[in-house]
2 protein chains.
Amino acid sequence: MLKLTKKADYGLMALKYLAEHPETPALSAKDVADAYGIPAQLLAKILQLLTRNGLLRSHAGMNGGYELARDAREISAYEVIHAIDGPFFITSCTKGDKNCDLTPSCTIKEPLARVNDTIAGVLKSISIQDLTEHEQPAGRAAEANRLVTLTL
Amino acid sequence: MLKLTKKADYGLMALKYLAEHPETPALSAKDVADAYGIPAQLLAKILQLLTRNGLLRSHAGMNGGYELARDAREISAYEVIHAIDGPFFITSCTKGDKNCDLTPSCTIKEPLARVNDTIAGVLKSISIQDLTEHEQPAGRAAEANRLVTLTL
DNA sequence: TCAGTATACGACCGATTCTGTCGGCATTTC
DNA sequence: GAAATGCCGACAGAATCGGTCGTATACTGA
């Protein structure tokens, strides 16, 4: 539970990889898949999804492939997850959909919706760029702290 | 993805219900299940799990049932989810387990582990008591803001 | 113009996980 | 001892997920 799907994982990894290779004009799905040992056809579908959602630009034909549609700083982890797995809800019945099927307007949903928003906020505050800065100098000078507000 | 299981939902609802009925000595699984339209046998197993993990006290026999083992303020949503669904990881391969099965030490896990911790922190900051205070006066006077720090 | 490389997309199946049920047993109260 | 309740393991149906296949389409370069 509360687990990212592998697809979302793969998508994040792929975007990170693309962000780390800005010099190359485009990388094919196979390139990225090989780099990480991901099933190529599966990754291809994921990259297509990301393209459809405007996070990547694709280019067919020889020497084709994918490139980031925006600066890595401008793409959030939230967008990636949303593009791949669809709307983001931690509870099965959130008021976005039809109302809760459980009988008496299950009152627990409302506080959990706040939690949902908070988590979404955390994911929105993380960019692909952030993912690439994984090697931390021992002094931890490069760390960034972000404050997220949870309103109950 | 990133969705609570129904069991965790049910568990939270049940604890909330117990917290809202402090006067009664003990409520049976059936009582709670009927109140929410949850399958009784399923809820029973969930409550047993919560008992095993020290969040509830149980009492067999007639007029038996469950009661909170601690004050509702002292039970966090995190504990409930953890008790029901087990260890909390947003990624399938977190360094807790055997290392990532994907080939080159998939570097994305490390930043995501921070996200994981942040989300866990959010859930830890929410108590069952918080869930019961769902009706907000229009003035929003009773709201509480909590700050969560995300360290990248 | 043709061959090769690449994306695009839908259908499908096997595996895993989740939800819910059943049956039997233990414990307490009346 | 009977009724109510918790305790526990096994299991079946359903849903979701992961991954594959086949085919169509688009672009490039010789």
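Any value given below was found using the heavy atoms of this structure, including those in side chains, with hydrogens, waters and symmetry copies removed. Just so we're clear, the structure is a prediction, and the values are computed from it rather than from any experiment. Chain letters run A, B, ... following the sequence lines, proteins first, then strands; residues in each count from 1.
Residue A/Arg57 places none of its side-chain N or O atoms closer than 4.0 Å to OP1 or OP2 of C/dT7. Put simply, A/Thr51 has no side-chain N or O that comes within less than 4.0 Å of OP1 or OP2 on C/dT7. Between A/Ser58 and C/dA6, a side-chain N or O to OP1/OP2 separation shorter than 4.0 Å is absent.
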>> Strictly under 4.0 angstrom, non-hydrogen atoms only: write out the protein contact profile of nucleotides 25-30 of chain C, one letter per nucleotide from the 5' end, B, S or -.
In response: --BBB-
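Between the P atom of C/dT5 and the OH atom of A/Tyr66 lies a distance of 17 Å, rounded to the nearest Å. Put simply, CD1 on B/Ile38 is 16 Å from C1' on C/dT21, counting in whole angstrom units. One interatomic measurement links the two molecules: CD of B/Glu67 to C1' of D/dT5, which rounds to 15 Å at whole-angstrom precision. Between B/Gln48 atom CD and D/dG9 atom P the separation is 10 Å, expressed in whole Å. We find that CG of B/Leu43 is positioned 11 Å from P of C/dG20, with the value rounded to whole Å. One atom, CD1 of B/Ile84, and another, C1' of C/dT17, lie 16 Å apart when rounded to the nearest Å. Counting to the nearest Å, the C1' atom of C/dT7 and the CG atom of A/Asp31 are 13 Å from each other. Rounded to whole Å, the distance from CG on B/Leu4 to C1' on C/dT19 is 15 Å.
Legend: side chain to side chain donor-acceptor pair (under 3.5 Å) pairs involving residues 23-32 of chain A, not counting sequence neighbours, sorted by first then second residue: A/Ser28-A/Asp31, A/Lys30-A/Asp34. Here ring pair (Phe, Tyr, Trp, His ring centres under 6.0 Å) pairs that include residues 44-75 of chain B, with residues two or more places apart or in two chains, number zero.
Every residue two or more places apart in sequence or in another chain that forms a side-chain hydrogen bond (donor to acceptor under 3.5 Å, both in side chains) with B/Thr5 is listed here: B/Asp85. The salt bridge (charged side-chain N to carboxylate O under 4.0 Å, His left out) search around A/Glu74 returns none, not counting sequence neighbours. Remark: B/Arg70 pairs with B/Glu79 by the salt bridge (charged side-chain N to carboxylate O under 4.0 Å, His left out) rule, at least two apart or across chains. Scored by the salt bridge (charged side-chain N to carboxylate O under 4.0 Å, His left out) test, B/Asp71 finds B/Arg73 as partners (sequence neighbours excluded). Judged as a salt bridge (charged side-chain N to carboxylate O under 4.0 Å, His left out), and not counting sequence neighbours, the contacts of A/Arg57 are A/Glu67.
At a threshold of 4.0 angstrom between heavy atoms, the contacts of B/Ala44 with the nucleic acid are absent.
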Within the sub-3.5 Å range, which N or O atoms of nucleotides 19-24 of chain D have a protein N or O partner, and how far apart are they?
residue, atom, partner, partner atom, Å
D/dG19, OP2, A/Tyr10, OH, 3.2
D/dT20, O4, A/Lys45, NZ, 3.0

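With the nearest nucleotide of DNA chain C identified for both B/Asp85 and A/Arg52, A/Arg52 has the one nearer the 5' end.
Annotation: side chain of B/Asn53 is not in contact with side chain of B/Ile84 (no heavy-atom distance under 4.5 Å). The side-chain heavy atoms of A/Leu68 and A/Leu56, taken from C-beta on, include a pair separated by under 4.5 Å.
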